[in-house]
Structure formats: structure tokens, C-alpha cells
Amino acid sequence: MTPTENADAAAAPWERHFREPERAFAQASELASSAVDGRVRAWSELTIAYHHLYFTANPLEAKPWIERAAARFEASGERRGGLLAQVAAARLAIVEGDADAARERLLALYAESQQVLAPEDRFWLLNAIGAAHYFTDRLDDAIRYLYEALETLRDGETSPQHPTIMSNLAAALVTVGDYPPACELAEAALTALARYDNPQLLMFARSNLAEALAGCGAHERALDIVQQMLDASEPRRAAQNHYLAIAAEILARNGRIEEASRCADTARAIHADFPGGFNEAHRHWADAVVADATGDRRLARERLSAAAEASQRLHYLPGECKAWARLAELHASERDFEAAYGCSCRLLAAETERLSHRASAKYYLLRVQHELSHARAERDRALAQRQQTERMNEELARLNADLTHKMIQVEALQAQLAVEAVHDPLTQLFNRRYLDSVMPGLIGAAERRHASLALALVDLDHFKHVNDRHGHPAGDAVLREIGRVLPMALRPADVVCRYGGEEFCIVLPDADGVGAERALASLAARLRDLRVAWNGATLGGFTFSAGVAVLGMHGTTFADLLQAADRALYAAKDAGRDRILVAATSAGTRGP
């Protein structure tokens, strides 16, 4: 998408909408009813749809506008608008409570969006993918996609999309309990939002900052942010329940029970109107903190239990951890140590899950922290040196240029090191270190969702003949080409690692033995058709033997699955190679 195409007149309301939502919405509404040109109508309808999704009290009103825009874009063959309409439909599915289906729909659009959509358009897709992972308890993936959205905007014009992503990352960090970097991100988002008229984003950034400050123990500053939130008069909307719950908590902690009660009342009413997302957990937490502050221990225990159970059911880790912790304290103060122990055990389980997500996402968090600290240091230095002589200003410009160059070099080195740490240098597939780090999380996620998971060990047949006949460089060329083909033949969610030599390990989430066999059979067909040119010759006809193990059927740990898959692999070799064998299931033997 060229800048000229991205700025055509038909899409003018869309280009303007995120910077001036109300004015762009008014313009789009007028054009949608009066314009003759079909493209103008389509872009206006898309703008109205996104406005309902993100800036009104009832996002469900976006549905007919999404359908109209999608139909017009399909009729005109305009793929950019069609992709954005599909993103909006998936985002609506998240609002309606079907985040799993939305995640799959969005991931299916990812590859095409890289080719079709400009960075500011691609932001909407990546932001929605992050939200879909967030609401399906895949926080490390949510943080990864949100950070990718931030990287996508790096070289573009500054817009409210930058603080939006920073606020979303702050929310994800609060969820995994990493409060200090969440504070920095939310503060940076608030600073950036000062130049835009976007009250919805301002409310979101303030609520994330208030919760992060409370998590850091900065209660006085948190109260100040809450007061700013409450002073802003906004119409009731679904997204407010988070900040109402945080406001109730902080106000109650400071003895302002009447104001906290009003927040809880509003949160309860919003939940009645908009029961999706985490609104139920927020509503119960607001009720619980008010009851706790009044000193009515029986009512406090009852409402804290409701908040804990709702948060656990909805996988909302911050609310779950806070509720179980306070319940354990109440029971212990009443010398009901058995109940306190039970709450502490559930708190430990929730905190352990938080730590697991935090560890998986730490690379991305450290990089964001690094960028924020450097940005803050440069800002402070510039403010100080601006008051000095012209000579010092020129020196500052030179230093800034040097620093920018060094930061680019450092970031490139960091990115290279991060890739090399978890990738095989020959095939560019993931390596065993990466497999060891992600398997506990994949197994844990499958067990929590009661989903299947299969692991396959794949070994190329008679690969030694390639090296003996054509030399090791030819073998390396074949392995490089196979490393390129393997991920393309599987799903984006599948994990493909080079396990050693000509052996590969493939992890297939949400796949049982039959599904794994089907996927591997398709892969076998691709490899059999693969041709690799080498010194005037063509190498091809590659086959493999594979052993498959299924979580629960062949073990509950990574080691169990590896052992079972390895036994099945050797059985496949002994049976004549060029076949897939499911562990301990002789009937599962079949040629690819």
C-alpha cells in the first residue's frame, strides 16, 4: 500500500477517525447516507463500525455497519478495506464473548495483511490479535503481538495508536503482575495522549496507571489518578468497568466509602448492560472492596469469594490474586486457619500462573523498558541543555545523532542475539533450547483448556546417503530447504524444531493422534515432491519416519511424550521406514 493509495479521498473519514473520532464519525455518517460513490460509502460505513466498536457505549451496534462495508468492499474487490472489515468482525466476536474463534480468524489474516495493509492499518489487526490472546488466557502471545504492533508504528507519523498500544501493553503487564514497567508504559501513554482529543483512550490509560501504581504501593499517586478519572464526565459504556473497579478499590482504601459505593453501583449497572469480557469480575471486585472497607466481615467474605470465583472462571489473574490474598488475610485474622490455608493455596496457583506468563514474555518487556528509559533520559537531557548556549545545542544535536546510531546498532544486536538463542543456525527453525522453554507452557495451557496436544519426532530416511554421495554441503542445502518447507506445510500455531542432525520435533496444539497423522501425511507429500538443485543435479524424493505421542494418552510431561514418540519413531524405522506410527498403537501404522 503506497502513501498515495493510503490517503485517497474515499478513505478520508477512515484516515481521520483515530485522531479525531467524533468529527470523523460525523463526516462518515453524512457521507454514508448521501454519497453516490460506492467506495466512499464503504469507507464511511467502515469508519462508523470502528467508532461503535471503540468509542460508543454499545459496540454491538457496529454489526450492521461491518456487514454493509464488507459487502461493498467484496463487490469492488478492494482488498485493503475487505481485510479491515474482517478485522472489525473478529473484534466484534471478542465483544460477544467468542474470543477463541476471533483469534483463529485474525491469525488467518496475518500473512496477507503483511502484504496488503499499511502500518497504521496493520495496527488494528495486531491490536485485535493481542486482545484475542489476552481474553483466551494466552498472555505471553498477547504481549508479543502488542509489541509487534508497537514496532509496526515505529517509523510512522506519531498518532494515538502509539499510546493505545502502550496502554494495552501496560494492561497485559498488570495482568502478569509486572507493575513497574506497566507504570512506565501507562505514564508514557498519558503524556502522548495530551495532544489528542480521545477521552476513551485517556480513561483506559488512567485506569491502567492507577492499578499499576496501586500494585507498586504508590497509593497517594494512585488516588490522584482516580480523582482525575472521576472528574472526567463520560457517558456510560462497556469499557468503564475496569476503571470503576480500580477507583472503588483505591477510594475504599482511603476511607472514601461513599464515593467507592457509587463506583460499585455504576459497575453493577454496566455489567447488567454489558455482561461480556471481564465486566463480571470487575463488578464483583468493586462490591467486595466496598464491603471490606465497611468492616462487615461476613459480607466482605461473601463478596470477596464471589470476586475470586468470577475472576478464576474468567481467567482474570489480577482480580483472582487480590481476592484470594484478602480472603486468606480475613480468615487468618478470625483464626480460621484451614480456610486461610485453602485460600492461600488458590492464591499460590494463580500467582504461579502469573509468573509463568511473565517469564515467557520477559524478553519483550525488557526491550520495552530499555526503550522507555532511553527515551526518558534523552527527553530530560534535551530539556536541560535547551537552556544553554547555541554551542551546547549543536553539541546536543551531535550527541543525539550518535546515540540514535548506537541504539540502532544495539537493537540490531539484541534482535540478532534473541533470534540466535532460540533458532538453529542452519535451518532457521527453533532449537531444543526453545522447545524446552515453551513445552511446559503448551502442556499447561492444553490441560487448563482440556484440549489435546500431540508431539512428533520426525527423522529423514537414509539421509546419510545424501552426504555420502554428494557431500556434506549438499546435505546442508537439503536441510535448509526442508527447514523452509516444514513451517509452510503446518499451521501457524504448530511449533517446529530441529532436534538434531536430520531429526525434527513438531508440537501440534489442539491435535490428537489422528490429527497429527493427517498433518504429517500432508508434510510427507510436500517433502516427497521437494526438489533441491545441487551442482547441476536435482536431489529429491525425500521421505521420513515419524513417531507420534499424545498428551494424556502417552504421558503428562514433556519427557513422557519425548520417550513415547522416540519409541514409536524407532518402531517406524524397524517396520521399514517411510511411515508414521502413533505410540503403542500398532494399528496406527500407515505410509505417508
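As a basis for the values below, the full set of heavy atoms in this structure was taken, side chains included, without hydrogen atoms, waters or symmetry mates. Bear in mind that the values here come from a model prediction, so they are computed numbers and not experimental data.
Contact between G483 and L429 at its shortest, heavy atoms only, is O-CD2, 3.3 Å. When all heavy atoms of C321 and L347 are compared, the closest pair comes out as O-CD1, 3.3 Å. Heavy atoms only, all atoms of each residue included: L53 and A62 are closest at CG-CB, 3.8 Å. Contact detail for A454 and D512: the closest heavy-atom pair is CB-O, 4.1 Å. Of all heavy-atom pairs spanning A128 and V87, the tightest one is CB-CG1, 4.2 Å. In terms of heavy-atom proximity, A149 sits nearest to F123 at CB-CD1, 4.5 Å.
For NZ of K63, the number of neighbouring non-hydrogen atoms (other residues, nucleotides, ligands) closer than 6.0 Å is 12 at most. Residue E447 places its CD atom among more than 12 non-hydrogen atoms of other residues, nucleotides or ligands, all under 6.0 Å distant.
The pair E503-R498 does not meet the salt-bridge criterion, since no charged nitrogen lies less than 4.0 angstrom from a carboxylate oxygen. Of the charged side-chain nitrogens involved, at least one lies within less than 4.0 Å of a carboxylate oxygen, so that D494 and R491 count as a salt-bridged pair. Residues D578 and R528 are paired through a salt bridge, judged by an N-O separation under 4.0 Å between the basic side chain and the carboxylate.
In terms of modelled atom types and a separation under 3.5 Å, the side chain of T47 and the main chain of W14 share a donor-acceptor contact. Looking only at distances, a side-chain donor or acceptor of D560 sits under 3.5 Å from a matching main-chain atom of T556. For R313 (side chain) and S311 (main-chain N/O), no donor-acceptor pair under 3.5 Å exists by modelled atom type. N208 places a side-chain N or O within 3.5 Å of a backbone atom of S167 that can act as its donor or acceptor partner. Within the 3.5 Å criterion, the main-chain N or O of F73 finds a donor-acceptor partner in the side chain of S76. When atom types are taken as modelled, the side chain of H133 and the backbone of I129 share a donor-acceptor pair closer than 3.5 angstrom.
With a 4.5 Å cut-off on side-chain heavy atoms, L551 and S452 do not count as touching. Under the 4.5 Å side-chain criterion, counting only non-hydrogen atoms from C-beta, R144 is in contact with D141. Contact check for L539 versus R531: no side-chain heavy atoms found under the 4.5 Å cut-off. Between R480 and V532, the closest side-chain pair of non-hydrogen atoms is not below 4.5 Å. Side-chain contact check for V548 versus H554: every heavy-atom pair is 4.5 Å or farther apart. Counting only heavy atoms from C-beta outward, the side chains of F504 and L479 approach each other to under 4.5 Å. Looking only at side-chain heavy atoms (C-beta outward), V458 and I506 come within less than 4.5 Å of each other. For the pair L117/L83, a side-chain contact is recorded, criterion being any heavy-atom separation below 4.5 Å from C-beta on.
No side-chain N or O of Y50 forms a donor-acceptor pair with one of E45 less than 3.5 Å apart. Under 3.5 Å, the side chains of D461 and T543 contain a donor-acceptor pair of N or O atoms. Under 3.5 Å, the side chains of E78 and W43 contain a donor-acceptor pair of N or O atoms. For the residue pair Q312 / R346, a side-chain donor-acceptor distance below 3.5 Å is found, with atom types taken as modelled.
To the nearest 0.5 Å, the span separating OG on S545 from CG on L520 amounts to 11.5 Å. Between the CE atom in M488 and the CG atom in L523 there is a gap of 12.0 Å [rounded to 0.5 Å]. Distance check: E148 CD to L146 CG gives 10.0 Å after rounding to the nearest 0.5 Å. Atoms CG and SG, on L435 and C505 in that order, are 4.5 Å from each other to the nearest 0.5 Å. Summarising the geometry, atom CD belonging to E502 is positioned 5.5 Å from atom CG belonging to D459; distances are rounded to the nearest 0.5 Å. To the nearest 0.5 Å, the span separating CD on Q563 from CG on L455 amounts to 12.0 Å.
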Inset, instruction - Would you please test H465 and H470 for side-chain contact (heavy atoms from CB on, under 4.5 Å) and show each step? - result: CA-CA 8 Å; H465 294 172; H470 302 282; over 6 Å; no
Legend entry - Test log, rule salt bridge (Lys or Arg N to Asp or Glu O under 4.0 Å), inputs R80 and E120: CA-CA 12 Å; R80 177 197 175 197; E120 286 199 357; over 6 Å; no
Under 3.5 Å, which donor-acceptor pairs do the side chains of residues 99-108 form with other protein atoms, sequence neighbours left out?
from	atom 1	to	atom 2	distance (Å)
D100	OD1	R103	NH1	3.1
R103	NH1	T136	OG1	3.2

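Cation-pi geometry between R432 and Y499 is met: under 6.0 angstrom from the ring centre, within 45 degrees of the axis.
With ring centers used as reference points, H423 lies 6.0 Å or more from Y434. The aromatic ring centroids of Y316 and F278 lie less than 6.0 Å from each other.
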